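Questions regarding the structure given below will be posed in turn.
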2 protein chains.
Amino acid sequence: MDKDKIDKKDHILDVAERVFSEVGFDGASTRMISGEAGVNMAMLNYYFGSKEGLFLAIFERRIAMFKSLLVDINSDGQTTAWGKIEKYIDMYVERIFSNNCFQKMLYQELSMGKRGELSDKINKILLNNVKEFFKIVEDGIDSGDFRKDADVQFICATIYGIKNYIMNTPYVSSEMFGFDIKDDTALKEKFKPRLRNYLLALLKPYLVIEHDHTNK
Amino acid sequence: MDKDKIDKKDHILDVAERVFSEVGFDGASTRMISGEAGVNMAMLNYYFGSKEGLFLAIFERRIAMFKSLLVDINSDGQTTAWGKIEKYIDMYVERIFSNNCFQKMLYQELSMGKRGELSDKINKILLNNVKEFFKIVEDGIDSGDFRKDADVQFICATIYGIKNYIMNTPYVSSEMFGFDIKDDTALKEKFKPRLRNYLLALLKPYLVIEHDHTNK
DNA sequence: TTATATTAATCAATCGTTTGATTAATTTTG
DNA sequence: CAAAATTAATCAAACGATTGATTAATATAA
């Protein structure tokens, strides 16, 4: 049946995604992946052509998922500049905890810095996200809500960087925070809301121009 | 002479550090490293025992360098709480641009998340740095200079995370910033001071409680 | 049957490492 | 001092193991 084939391919993709994220592309052998997925080694080449084809297939699946849930915050005309930032951060925080292994894979791939069809595609997608965020901040600056000297690029790096640092240094971060970063439930219940609150509390005083209706 | 041997070992370590940082541990072959270093393949095993031994030697060399320039900011009794933060950030920013390849290697190793003698040692060193920073912030909170609800752990992740994100996504960041992140001179002249200024401008309003004697 | 799915066996290539031989440098001996 | 003995450094070649990939045979399903 066709459904079974899709299920099996999806299962292989799931396992491969986890293994790649754990030991990297070069560190993962086709035997390791097929073994953990419980399928014959040759099936990887049968379904995906090659090890690299499997790697690409993982990205294509996720990229397809991304596109289906793209939301254009900028078109939302009503909310204030800061309201858009809040909305963006909410979206971002919600998204990053939904596909942990892939996020790590993606980051590893980018950090290798080698060009290629895949990297170009990924970079383009990420740049679109970045530019959407830029526009929010720049609009806020133009409207007088945000400081004129706000460093848009670094703000962006701040939002993305904090989470990456914590997720990619699991032991240091677990020691820092006092609970296991690799534990998914603890991550979602304790970490997620805290990250959201921190980002908002951090960026607001840096970004938003205080109006003096608070006396002083 | 002994000097030549040390020079040659050091040269191999330099090359290996760069190669490892570019393609990762598994992606780097002993033939590749020895080839680029211009030495016979067997010399790697002769000097360092194994590929992993070479990898460890790179860390040992850097760790030895770290210890030699450890400065205890907390013992500096005179400066204010915010002054210590400034000093810490200055130190941090200065340091990270002095050994770029190693920083990337280190981060790759940590993100693999596999325990071992090396990882334990690295984690311990990083945790010491983290705790030193914690103490600065906590002292500031106790003295009333900093907000009581400041999230120490996330502040830490902010400082470390921003730089890691930018350095590990070279193409996205180069597009963002409008100049080549991988260019060392541009990095030091344009990027370094900007990172410093941003970190200070970002953290100050989040951290420091404004006293009203500045009227403004 | 025919087409698709799955398997074990096998492939050449590359991996990290080891070997034995050779040269260069240093130490010991007479 | 010079000759002999010892150690250190370097090399090309080869090792066994593992890699990703392919084959030919078999099983399953339509």
Side-chain angles (χ1 to χ4, degrees), chain A residues 1-61 105 108-109 112 114 116-119, chain B residues 1-61 105 108-109 112 114 116-119:
Chain A
M1 208 195 215
D2 204 28
K3 192 67 179 303
D4 281 357
K5 178 187 162 189
I6 293 178
D7 283 351
K8 180 167 271 187
K9 283 181 77 168
D10 241 47
H11 173 245
I12 294 176
L13 287 174
D14 287 336
V15 173
E17 190 175 81
R18 200 198 71 239
V19 175
F20 278 137
S21 78
E22 284 171 352
V23 295
F25 181 81
D26 294 306
S29 72
T30 53
R31 284 167 178 80
M32 187 189 284
I33 295 172
S34 62
E36 293 209 27
V39 301
N40 188 280
M41 229 179 54
M43 298 309 292
L44 302 189
N45 295 291
Y46 179 73
Y47 279 132
F48 308 102
S50 66
K51 183 186 180 183
E52 187 168 308
L54 169 60
F55 191 74
L56 294 176
I58 295 173
F59 278 88
E60 278 169 15
R61 183 175 66 152
M105 261 186 75
Q108 281 176 7
E109 171 66 12
M112 282 307 172
K114 59 173 191 284
E117 220 182 310
L118 174 63
S119 288
Chain B
M1 210 192 201
D2 203 27
K3 192 67 179 306
D4 282 358
K5 177 188 161 189
I6 293 178
D7 283 351
K8 180 165 270 186
K9 284 182 76 168
D10 242 45
H11 173 246
I12 294 176
L13 287 174
D14 287 337
V15 173
E17 192 174 82
R18 200 197 71 240
V19 175
F20 277 137
S21 78
E22 284 171 355
V23 295
F25 181 81
D26 293 306
S29 71
T30 54
R31 285 168 178 79
M32 187 189 285
I33 296 172
S34 62
E36 294 210 27
V39 302
N40 190 279
M41 231 175 44
M43 298 310 292
L44 302 189
N45 295 290
Y46 179 73
Y47 280 132
F48 307 103
S50 66
K51 183 186 180 183
E52 186 169 309
L54 169 59
F55 191 74
L56 294 176
I58 295 173
F59 278 87
E60 278 169 15
R61 183 175 66 152
M105 261 186 76
Q108 282 176 7
E109 170 67 12
M112 283 306 173
K114 60 170 190 286
E117 222 181 310
L118 175 62
S119 288

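Fair warning: this is a prediction, and the values are worked out from it, not measured in the lab. By convention in this document, chain letters (A, B, ...) are assigned in the order of the sequence lines, proteins followed by strands, and residues within each chain are numbered from 1.
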Send over the distance from F55(B) CZ to dG16(C) P, rounded to a whole Å.
->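 So the CZ-P distance, F55(B) to dG16(C), works out to 13 Å.
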Would you tell me if any nitrogen or oxygen in the side chain of Y46(A) comes within less than 4.0 Å of OP1 or OP2 on dA5(C)?
->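 So the side chain of Y46(A) is within the cut-off, an N or O lying under 4.0 Å from OP1 or OP2 of dA5(C).
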Are S21(A) and Q108(A) close enough that a side-chain donor and a side-chain acceptor fall under 3.5 Å?
->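 No pair is found: no donor N or O on one side chain lies under 3.5 Å from an acceptor on the other.
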Interatomic distance, N40(A) atom CG to R31(A) atom CZ [nearest 0.5 angstrom] =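 Interatomic distance, N40(A) CG to R31(A) CZ, rounded to 0.5 Å: 10.5 Å.
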Under 30°, 30 to 60°, or over 60°: which ring-plane class applies to F25(B) and F20(B), parallel, tilted or perpendicular?
->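 Judged by the thresholds at 30° and 60°, the geometry between F25(B) and F20(B) is parallel.
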Whole Å only: how far is the CG atom of L44(B) from the C1' atom of dC11(D)?
->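 Whole-Å distance recorded here is 13 Å.
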Out of dT10(C), dG16(C), dC11(D), which nucleotide sits closest to the side chain of R31(A)?
->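 The answer is dT10(C).
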Can you tell me the distance, in whole Å, between the NE2 atom of H11(A) and the P atom of dT6(C)?
->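 So the NE2-P distance, H11(A) to dT6(C), works out to 13 Å.
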Report, as yes or no, whether the 6.0 Å neighbourhood of atom CD on E36(B) holds more than 12 heavy atoms from other residues, nucleotides or ligands.
->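 Yes, CD of E36(B) has more than 12 neighbouring heavy atoms, counting only those of other groups under 6.0 Å.
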M41(A) CE to dT19(D) C1', straight-line distance once rounded to whole Å =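 Going from M41(A) (CE) to dT19(D) (C1'), I get 9 Å.
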Has N40(A) got a side-chain N or O lying under 4.0 Å from the OP1 or OP2 atom of dA8(C)?
->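 For dA8(C), OP1 or OP2 has a side-chain N or O of N40(A) closer than 4.0 Å.
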Atom-pair distance (CE on M43(A); C1' on dA9(C)), nearest Å =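 Atom-to-atom, M43(A) to dA9(C), this comes out as 17 Å.
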From the options dC11(D), dT4(C), dT10(C), select the nucleotide whose nearest atom is closest to the side chain of A42(B).
->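 The listed nucleotide nearest to A42(B)'s side chain is dC11(D).
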Just call it for S29(B): base, sugar-phosphate, or nothing, with non-hydrogen atoms closer than 4.0 Å on any strand.
->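 Contact class for S29(B): sugar-phosphate only.
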Given dA5(C), is OP1 or OP2 found less than 4.0 Å from the side-chain N or O atoms of K8(A)?
->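 Indeed not, no polar side-chain atom of K8(A) lies that close.
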Measure the distance from NZ on K9(B) to C1' on dT10(D) and round it to the nearest whole Å.
->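 Roughly 15 Å, once rounded to whole Å.
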Output yes when at least one side-chain N/O atom of S50(A) is less than 4.0 Å from OP1 or OP2 of dG20(D), else no.
->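 No.
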Nearest-Å distance for atom pair CE/P, residues M32(B) and dC15(C) |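 Distance, rounded to whole Å: 7 Å.
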For the pair made of NZ in K51(A) and C1' in dA21(D), what is the distance, rounded to whole Å?
->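 Interatomic distance, NZ of K51(A) to C1' of dA21(D): 12 Å.
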In Å, rounded to the nearest 0.5 Å, how long is the span from CZ of F48(A) to CD1 of I33(A)?
->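 Separation between the atoms: 10.0 Å.
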Hey, does the side chain of Y47(A) come within less than 4.0 Å of dT6(C)'s phosphate (OP1/OP2), counting only N and O?
->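 Yes, because at least one side-chain N or O of Y47(A) sits under 4.0 Å from OP1 or OP2 of dT6(C).
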